[in-house]
Peer 1: 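Okay, here's the structure, questions in a sec.
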There are 2 protein chains.
Amino acid sequence: MGTPLPRDPIADAQRNWERHGWGDVAAPMAAITAIMRTQQILLARIETVLKPFGLTFARYELLALLSFARSGALPMNKASALLQVHPTSVTNAVDRLEKAALVARSPHPTDGRTTLIELTAEGRTLAKKATAALNAEVFGKSGFGPDDVDHLIRVLGTFRRDAGDFTEE
Amino acid sequence: MGTPLPRDPIADAQRNWERHGWGDVAAPMAAITAIMRTQQILLARIETVLKPFGLTFARYELLALLSFARSGALPMNKASALLQVHPTSVTNAVDRLEKAALVARSPHPTDGRTTLIELTAEGRTLAKKATAALNAEVFGKSGFGPDDVDHLIRVLGTFRRDAGDFTEE
DNA sequence: GCAATATACTAGGACATCCAAGGGTTTGGA
DNA sequence: TCCAAACCCTTGGATGTCCTAGTATATTGC
């Protein structure tokens, strides 16, 4: 990254699309590209805030998910489903969190195939602190107005439902 | 991935945030999380379409950028700035594209530090085909209505400008 | 003109994500 | 009952992204 560009590169791309006769899909292309770039910016902000805690976003998400589980423990496949990532990504995150003593693996009481992940006391404390930091420094300063936030939640919610993420609502 | 969840995990997270007394930032948290997930879905769609061409999204973006350059060539630092990715990411992409004979490196005529990337004829042809496929199968079926597309472009455009991506407009 | 600073690219390492494949466990139908 | 199919997790490989140097070339200031 570095210095700001004089012009919006995505708007330029949209004009290029239109100039080449793809005007019918130029706008969706621009919207999708903007989503990709926005995600990149937000992820960078989040990782910057989490770095002092020794966490990445992927690991934080797992900690946060566990902190909301009533029992404080979840099967790995459940975590994979709720976080919407590949099971191997969960394995990876748990490996590192376990090495940092923030979570612990334990065998499922009745299903020998399943591994439970559980927060340690240390992990629960760190999750709280990291959440407070993210709330204060990222979510609380998102830069989106309240109306925009509502609109994003609604539009992207519909998109995710149509994409097969979930059924109800 | 896999089977759809019975309920929206992001809406659940938002409720959890509210229940824990973080109601003031629960909505932005949900919006940001939705952006992250939407990016993931879109990227997966794009990569699926590009796979038959032997391209990834990162490599496609570089090809597309070059195909719009008047001279058909760009300095690597310029490509890095326009694509808004780290210079090393461009090096990585060029390495692979060069190995596939889709682009070629050439020295800058006057600046010995700079390397120019240029599309090969093969690269230009592939870029055209890949763009047609993406337009037909992703951008043309984004799932976003015209009003939503306009709104996304505007809201995310403001966000990106405020984040320092560009200045004008 | 020459040294100090800035710029451009590349090499190596850390992470995350996915896919493909493998080994162990459960389940369900013949 | 018993074996095949389904399921769960892990390992290994490929990609992409970033960061931190390191090397080479330009530019600037004295």
Peer 1: With sequence neighbours left out, write down each residue that passes side-chain hydrogen bond (donor to acceptor under 3.5 Å, both in side chains) with A:Arg96, or none if nothing qualifies.
Peer 2: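 With neighbours one apart ignored, the set is A:Asn92.
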Peer 1: Return the value, rounded to whole Å, for the distance between atom CD of B:Gln39 and atom P of C:dC18.
Peer 2: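 Distance check: B:Gln39 CD to C:dC18 P gives 11 Å.
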Peer 1: Given atom CD of B:Glu61 and atom P of D:dT15, what is their separation to the nearest angstrom?
Peer 2: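 Going from CD in B:Glu61 over to P in D:dT15 covers 18 Å.
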Peer 1: What integer distance in Å separates B:Glu47:CD from C:dC19:C1'?
Peer 2: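 About 12 Å, once rounded to whole Å.
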Peer 1: Considering only NZ, NE, NH1 and NH2 on the basic side and carboxylate oxygens on the acidic side, decide whether B:Asp12 and B:Arg19 come within less than 4.0 Å.
Peer 2: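 So B:Asp12 does not pair with B:Arg19 through a salt bridge.
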Peer 1: Looking at residues at least two apart in the chain, or sitting in another chain, which of them share a ring-ring contact (aromatic ring centres under 6.0 Å, His included) with A:Phe144?
Peer 2: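 For A:Phe144, the residues satisfying ring-ring contact (aromatic ring centres under 6.0 Å, His included) (neighbours in sequence not counted) are B:Phe159.
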Peer 1: A:Ala58 or A:Thr110: which one's nearest nucleotide on DNA chain C is closer to the 5' end?
Peer 2: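 On the 5' side of the pair lies A:Ala58.
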Peer 1: Starting at CG of B:Leu55 and ending at P of D:dT15, how long is that distance when rounded to a whole Å?
Peer 2: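 Atom-to-atom, B:Leu55 to D:dT15, this comes out as 12 Å.
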Peer 1: Distance check needed: C:dA6 C1' versus B:Asp111 CG, whole Å only.
Peer 2: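 Computing the B:Asp111:CG to C:dA6:C1' distance gives 12 Å.
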Peer 1: Once ring-ring contact (aromatic ring centres under 6.0 Å, His included) is applied, do any residues pair with A:His20, and if so which ones, sequence neighbours excluded?
Peer 2: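 In terms of ring-ring contact (aromatic ring centres under 6.0 Å, His included), with neighbours along the sequence ignored, A:His20 is linked to A:Trp22, B:Phe68.
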Peer 1: Sequence neighbours left out, what passes salt bridge (charged side-chain N to carboxylate O under 4.0 Å, His left out) with B:Glu137? Give chain and number order.
Peer 2: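 With neighbours one apart ignored, the set is empty.
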Peer 1: Whole angstroms only, please: what is the CD-C1' distance between A:Glu98 and D:dC9?
Peer 2: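 My rounded result for the distance is 13 Å.
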Peer 1: Quick one: on DNA chain C, does A:Ala93 or B:Lys51 contact a more 5' nucleotide (nearest heavy atom)?
Peer 2: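 Looking at the nearest nucleotide for each, A:Ala93 comes out on the 5' side.
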Peer 1: Which parts of nucleotides 9-14 of chain C does protein reach within less than 4.0 Å, heavy atoms only, written one letter per nucleotide 5' to 3' as B for base, S for sugar-phosphate only and - for none?
Peer 2: SBB---
Peer 1: Less than 4.0 angstrom between a side-chain N/O of A:Gln40 and OP1 or OP2 of D:dG16, yes or no?
Peer 2: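 No, no such contact exists.
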Peer 1: Would you indicate, yes or no, if C:dA16 has its OP1 or OP2 atom less than 4.0 angstrom from a side-chain nitrogen or oxygen of A:Ser89?
Peer 2: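 Looking at the OP1 and OP2 atoms of C:dA16, neither is under 4.0 Å from any side-chain N or O of A:Ser89.
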Peer 1: Rounding to an integer number of Å, can you tell me how far B:Leu82 CG sits from C:dA8 P?
Peer 2: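 B:Leu82 atom CG is separated from C:dA8 atom P by 13 Å.
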Peer 1: Quickly work out the A:Lys99 NZ to C:dA16 P distance and round it to whole Å.
Peer 2: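 About 12 Å, once rounded to whole Å.
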Peer 1: Do B:Asp8 and B:Arg15 meet the salt-bridge criterion of a basic N to acidic O distance under 4.0 Å?
Peer 2: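 Salt bridge: no.
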Peer 1: Run the side chain to side chain contact (heavy atoms under 4.5 Å, CB included) test against B:Ala13 and tell me which residues pass, sequence neighbours left out.
Peer 2: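 Per chain and number, B:Ala13 pairs via side chain to side chain contact (heavy atoms under 4.5 Å, CB included) with B:Met29.
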